[in-house]
Amino acid sequence: MAGDGELKLLGVWTSPFVIRVRVVLNLKSLPYEYVEESLGSKSALLLGSNPVHQSVPVLLHGGRPVNESQVIVQYIDEVWAGAGPSVLPADPYERATARFWAAYVDDKVGSAWTGMLFSCKTEEERAEAVSRAVAALETLEGAFAECSKGKAFFGGDAIGFVDVVLGGYLGWFGAIDKIIGRRLIDPARTPLLARWEERFRAADAAKGVVPDDADKMLEFLPTVLAWIAGKAK
Ligand SMILES: N[C@@H](CCC(=O)N[C@@H](CS)C(=O)NCC(=O)O)C(=O)O
């Protein structure tokens, strides 16, 4: 059967890409072994399982690797279609729309996230990346109104594809809020997303997986910066 075989996830606890996969595994109540990687000295299993990008997450299903977080999420949703709620909508048009917004999140929010935390060299550069993030979140406020149709999540009554993709970033957003002294998901500018954030963080599937300790994230930031510096050498 397609769903047979043990699940092992190679990850880093702060990674938005890993977090979204963990939320989906929780939504589907799938047991899995979690292996924390150190990106400064990647394991042979990681290098052998994802030789192209050498990045986490990697999901090993019965020993076979699946790479790229959005691909992994969709793989889990397809293989365990009967377990828990579907992450992707059943309707092809709604599915296409969810994929569009998920791609938008990783393109616009993802690049701004890198700029705000990892690639900015000055406070001006950080501020520019913050502006890009805020602009993308304002666009997503409109997307939320359309996709949720007045319900709790982008996916409607239940957490869906866009929810997990955007929700993966929330841990780092908390850290960024501390750095910039205001909320990135500002309740005044993006009230729907601010309420969505509360609901997403409170969901059982997110608990213990979406980091809620901004100080701990900030303590980990130098480790990530050292990994990035090591890669550039
Ligand atoms: N597009 C990839 C991005 C994964 C990614 O960038 N992962 C980072 C951790 S947040 C990583 O493993 N970086 C290690 C490296 O690039 O060497 C996905 O969605 O899975």
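Just follow the structure's listing: the first ligand is 1, and inside any ligand the first atom is 1. Values below: all heavy atoms of this structure, side chains included; hydrogens, waters and symmetry mates excluded. Counting from 1, the numbers follow the sequence of the chain as shown.
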Would you say H53 has any N or O atom under 3.5 Å from an N or O of ligand 1, going by distance alone?
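For ligand 1, there is no N or O atom that lies under 3.5 Å from one belonging to H53.
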In the protein, what heavy atom is nearest to [atom], and what distance, to one decimal place, separates them?
atom	result
atom 10 (S) of ligand 1	S15 OG, 3.2 Å
atom 19 (O) of ligand 1	S69 OG, 2.6 Å
atom 6 (O) of ligand 1	F17 CE1, 3.8 Å
atom 16 (O) of ligand 1	K231 NZ, 2.8 Å
atom 13 (N) of ligand 1	L39 CD1, 3.8 Å
atom 1 (N) of ligand 1	E68 OE1, 2.8 Å

Is there side-chain contact between S86 and D77, with heavy atoms separated by less than 4.5 Å?
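Heavy-atom side-chain distance check passes, below 4.5 Å.
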Counting only heavy atoms from other residues, nucleotides and ligands, does the tally under 6.0 Å from CD of E125 exceed 12?
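Count over threshold, so yes.
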For the NZ atom on K216, are there more than 12 heavy atoms of other groups (residues, nucleotides or ligands in this structure) within a distance under 6.0 Å?
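No, the 6.0 Å shell around NZ holds no more than 12 heavy atoms from other groups.
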Stepwise ring-ring contact (aromatic ring centres under 6.0 Å, His included) test for F17 and W172
CA-CA 12 Å; F17 313 105; W172 279 119; over 10 Å; no
Close approach of K42 to ligand 1, heavy atoms, under 4.0 angstrom:
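Contact check K42 vs ligand 1: positive.
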Heavy-atom nearest option to atom 8 (C) of ligand 1, drawn from T14, V56, I228, I19
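Looking at heavy atoms only, V56 sits closest to atom 8 (C) of ligand 1.
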Could you tell me which atoms of ligand 1, counted from 1 in the order shown, lie closer than 4.0 angstrom to a heavy atom of P57?
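With P57 as reference, the close atoms of ligand 1 come out as 20 (O).
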Between N67 and Y75, does any side-chain donor sit less than 3.5 Å from a side-chain acceptor?
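Note: N67 and Y75 side chains miss the donor-acceptor criterion.
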Over 60° means perpendicular and under 30° means parallel, so classify the ring planes of Y104 and F100, tilted if in between.
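Geometry flag for Y104 against F100: parallel rings.
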I'd like to know whether W101 forms a side chain to side chain contact (heavy atoms under 4.5 Å, CB included) with F154, so could you lay out the CA-CA distance, the side-chain angles of the two residues, the decisive distance to 0.1 Å, and finally the verdict.
CA-CA 10 Å; W101 286 117; F154 283 92; 5.8 Å; no
